[in-house]
Number of protein chains: 2
Amino acid sequence: MASSPRTNRRSAKPPTAGTDKVTIRDVALRAGVSTATVSRALNRPDKVRAATRERILKVVEETHFVYDGIAVSMISRRSRTIGLIIPTIMNSIYAASTQSIQRAAQAGGYTVLLGVSEFSPKQEAVLAQRLLERRVDGLILTGGNHDPSLIKKIRANGVPFLITWKLMRDQDWPSVSFDNYKAARAAVDFLVSLGHRRLGLVCGRTDVNDRALDRRRAFEDCLQRHGLSTNPALIHERDFEMEEGASAMAAMLDTPEPPTAVFCANDIQAIGALSLCRERGLEVPGDISIVGFDDLPATSYTRPKLTTVRVPAHDMGRRAAEIMIASIERRTPVQSVELQTELIVRETTAPPGRRVF
Amino acid sequence: MASSPRTNRRSAKPPTAGTDKVTIRDVALRAGVSTATVSRALNRPDKVRAATRERILKVVEETHFVYDGIAVSMISRRSRTIGLIIPTIMNSIYAASTQSIQRAAQAGGYTVLLGVSEFSPKQEAVLAQRLLERRVDGLILTGGNHDPSLIKKIRANGVPFLITWKLMRDQDWPSVSFDNYKAARAAVDFLVSLGHRRLGLVCGRTDVNDRALDRRRAFEDCLQRHGLSTNPALIHERDFEMEEGASAMAAMLDTPEPPTAVFCANDIQAIGALSLCRERGLEVPGDISIVGFDDLPATSYTRPKLTTVRVPAHDMGRRAAEIMIASIERRTPVQSVELQTELIVRETTAPPGRRVF
DNA sequence: TCAAAAAATGTAAACGTTTGCATTTTTGAG
DNA sequence: CTCAAAAATGCAAACGTTTACATTTTTTGA
C-alpha cells in the first residue's frame, strides 16, 4: 500500500546504498557476473570457476546477502516449511511433541510454522488456512476433531497432512499416535484389578477434545465390563489446570459415596487432585488411589510419586515429522504408525479400604 | 530438480484436472474474467460489480482456491511472518511467553515461525539464517548472547529484532523484558533479611545462558554486600531438570557446612531441590528455606508451596509481539520496555536455625 | 598453432500474485 | 437518445530467484 512496486528504486540506487535489501542482482553487479552465475556459485559451486566463485562469495560475505527463500519457493513450488497446529503449548506434554517435531524438521531442513488453536476447531481452521496460504509443504494436526471444510480444503490443495495424539482407524486420515482408548483402559483395569469398585474420573472437555473422549469412553466401558456402576457425580470434565483437578477432586470427596480411586486423564489435573487430597489430610494411596496420564517429569517429584501412563510424546513428534518429510520428498502417501504406551506404577496406587469414609 | 518450470503443464491441462494447485488464473478462466478482477474481488470487493464478484466467489468456493501468500509476499515484500527463537520449549516458562507471542501475532495477522536453539548460539545462528531466508518481517530472540555475525546479518537485512527474557541496557539492542538481576537480588535479599547467613545457589549454566549469569551475579553481589562469604561448594550450575536441582541440593547438603537457605534460579530446579530435602527428611522451611524463580503453576502445588519470583512471561510475550508488529507496520524503531517482577512469598521460606546440622 | 571438445558464463522465461494505467462498459443527466 | 462521467475490467510489468538453452571462453591433443 505504501510504495508502488513499479517504482524502480534499484536503478537509481548508488552502489553502496543504506540498508536496502541486497538481492542476487546486486551481488552479480558487484562481482561483475550475471545473476545466473551467482546462483550457481551458491547452489552448484563446482559449476563455476574457482576464481569467480571466490569473488562472488566475498561479495556475498561483504553485503550480508541472504538469499530470498520466498522467491525460491515461488519457483520450486515448495516452501520447505511444515505447519503444526497444537491446542495449547502450556501443557508441557504438547510442548514435548512440539519440540521433537521442531528438532526433526530442522534436521531435515524444514522450518516449523506454529499455530495454537486453543481447542477451537474454528480457530484451527483460520490458522490452518493461513498456513496453507503460506504454502506449507505439509501439515501436522492434533486430534481428529476438525472443521470438515478445512480438511476438504487441505485435500483439494494436495497438501499432505497427518494427525498426532489420536489414532485414526480411518484409512483416509493418516495418524502417528498411540491409542488413547487402549492406554486409558489399561489404567482403569489396573485400578479395578487392585480391588477398587468406586472409581472417579477427571478428564478434559470431551466436546472439544476427542482424546479426552476416547479416555472417558475407555473409563466407562471398563466399569461396565466389570459390572460396576457409573456414578455421574464421579465424572468431571475440566480444563487442563491443576486448580481444576483439585476442585474436581473436592467435588467427588464431598459426595455421599466418594471414590476409592480416581483416574485423572492427564497429569496436570492429577497433580492438582493429589494436592487437594493431601490438603484434606487424606493418605494417598492409603485412603484413595490416583492415576494420572502423560508421565510429565513432575510426576516423579510429587509426594507420593504419581502412578501414570507414559505417553511417547517425543517419539511421536519425531516420527510424525520424519514421516511427513518423507511423504513430502518422495511424494508418497503418509504412513500411519501406532505407538505404544506404558503404565508406570509409582506410589499413588494401592488396594482400597484402609479408611472408611 | 524433478520437473522443469519451463514445461507449461497448465496450457495442456483439461479444465477439471486432478489435485493440481489451483491458481488465480484458473479461477479467472472459469469465471470468465481476468486475473486482475479476481484479485480485486478478493481484496477490494467494492471495486467489482456485485454479479461478477459473486460469480468469482462461487468459483473460489468450488475450486477450494487458496491464494498463494508466497507470491503475495514476493510483491509486497512482507511475509506477515514473525520469527521466534527460544532456547527450549520444555521449560513451561518459555512455553508461556511463546503462547502469548503466538496469540498476539495471530491477532495481528501474523504467523509465527518457530526455532528452538537448545541454548546454542551456533544453532541459533543457523536457525535465524533460515528464518531470514524465509523473509520474516521481524525476529524475536531470547537473551542477549548471540553470534555477533548473526546480529550483523540481521541488521544488514534491515529486519527489526528484539530481545526477550533479558533487559538490555544497550540502546542498539531493544528488549522487552524484566531485569533478571534486580529480580534475583530481591529474592536473595529476602533470604538474608530472614536471617540466613549460609546461602546456596542453584542456577542454569551461565556460559550459555546470560539470564542465569545475571541471577548468579545478583546472588554473589548480594552476599558480598551483606558481608557474607561465598562458598563455591554452595554454587551449582545445572541444566533445567528437576533431577539436576535435586542432585545439586544433595551435593550442598553433603557439605561440611550446608546452607540454611537455597536460591534456585528457576522453579524446575527448585521443585527438584525441594523434593530431595523432603526425601532426606528435612523440614522445609524449618530446616532449610528454598526460593524459586518463575512462578510456574506447579509451585502452588508443591508441599509446602514454593516461595518464588513471579515473572511476567505472558505479558512479556504479548508486549513483545505487539511492539514488534507496531515496529514492522509503522517502520519505526523497536521500543524497549522494562517489566516488573514480584516476589511471591509462600511456604518454603522462614528464619533459619530450627535445626542444627 | 589450431580445431574440437569441454567448461564457464550469459540470456531470458517462469513461478502467482498485485496494481498503475488503458480500455471498455455502464450510468445518468439533459 | 446522446454523450460525458463514472465504474468496471483488462493488460502487462514487477517482485527475486532458478535453469534450459545459447553463447563465449578455456582446455586439450595433434
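Chain letters run A, B, ... following the sequence lines, proteins first, then strands; residues in each count from 1. This structure is a prediction, so every number in the text was calculated from the model and none was measured. Values below: all heavy atoms of this structure, side chains included; hydrogens, waters and symmetry mates excluded.
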Rounded to whole Å, the CZ-P distance (B/R134 to D/dT17) equals 13 Å
Comparing B/T35 with B/R135, nearest DNA chain D nucleotide closer to 5' gives the residue B/T35
| said: With a 4.0 Å limit, can you tell me whether B/R44 has a side-chain N or O closer than that to the phosphate oxygens OP1/OP2 of C/dT19? | reply: yes
Whole-Å distance, A/F65 CZ to D/dG16 C1', equals 8 Å
B/K47 atom NZ is separated from D/dG10 atom P, nearest whole Å, by 16 Å
Can any side-chain N or O of A/S76 pair as donor or acceptor with the backbone N or O of A/R78 at less than 3.5 Å?
yes
By nearest-heavy-atom nucleotide on DNA chain C, the more 5' of A/V33 and B/A71 is A/V33
With the side chain defined as heavy atoms from C-beta on, A/S34 is closest, among D/dT17, C/dG10, C/dT18, to C/dG10
message = Is there a side-chain contact between B/T37 and the phosphate of D/dG10, meaning an N or O under 4.0 Å from OP1 or OP2?
response = yes
Hey, is the main chain of B/R25 close enough, under 3.5 Å, to the side chain of B/T23 for a donor-acceptor pair?
yes
Under a 4.0 Å heavy-atom cutoff, the residues of residues 48-55 of chain B touching DNA chain D are B/V48, B/R49, B/T52
Per-helix bend value, the helix from C/dT1-D/dA30 to C/dG30-D/dC1, C1' rotation axes over five pairs per end, 10° rounding, shows 30°
Item checked: Modelled atom types, side-chain donor and acceptor of A/Q99 and A/Y94, under 3.5 Å -> no
ask   = Can a donor-acceptor pair be found between the side chains of A/Y110 and A/E329 at a distance below 3.5 Å?
value = yes
A/I70 atom CD1 is separated from D/dG16 atom P, nearest whole Å, by 12 Å
note: B/M74, atom CE; C/dT17, atom P; distance rounded to Å ~ 13 Å
Taking distance alone, no hydrogens or angles, what donor-acceptor pairs closer than 3.5 Å link side-chain atoms of residues 142-154 of chain A to residues at least two apart or in another chain?
| residue | atom | partner | partner atom | Å |
| --- | --- | --- | --- | --- |
| A/T142 | OG1 | A/I85 | O | 2.8 |
| A/H146 | ND1 | A/E124 | OE1 | 2.6 |
| A/H146 | ND1 | A/E124 | OE2 | 3.0 |
| A/H146 | NE2 | A/G143 | O | 2.5 |
| A/D147 | OD1 | A/S149 | N | 2.9 |
| A/D147 | OD1 | A/S149 | OG | 3.1 |
| A/K153 | NZ | A/Q129 | OE1 | 2.9 |

For this session: Classify the nucleic acid contact of A/S39 as base, sugar-phosphate or nothing, counting any heavy atom under 4.0 Å across all strands shown.
Result: base
Atom CD of A/E133 and atom P of C/dT17 are separated, to the nearest Å, by 11 Å
To the nearest angstrom, the CG-P distance between A/L29 and D/dT17 comes to 13 Å
Margin query: Test salt bridge (Lys or Arg N to Asp or Glu O under 4.0 Å) on A/D68 and A/K21; report intermediate values, then the result.
Written below: CA-CA 10 Å; A/D68 190 326; A/K21 185 176 148 190; 2.7 Å; yes
Between CD1 of B/I75 and C1' of C/dC15 the distance, given in whole Å, is 11 Å
*Counting only distance, no hydrogens or angles, is the base of C/dG16 paired donor-acceptor with the side chain of A/R77 under 3.5 Å?*
no
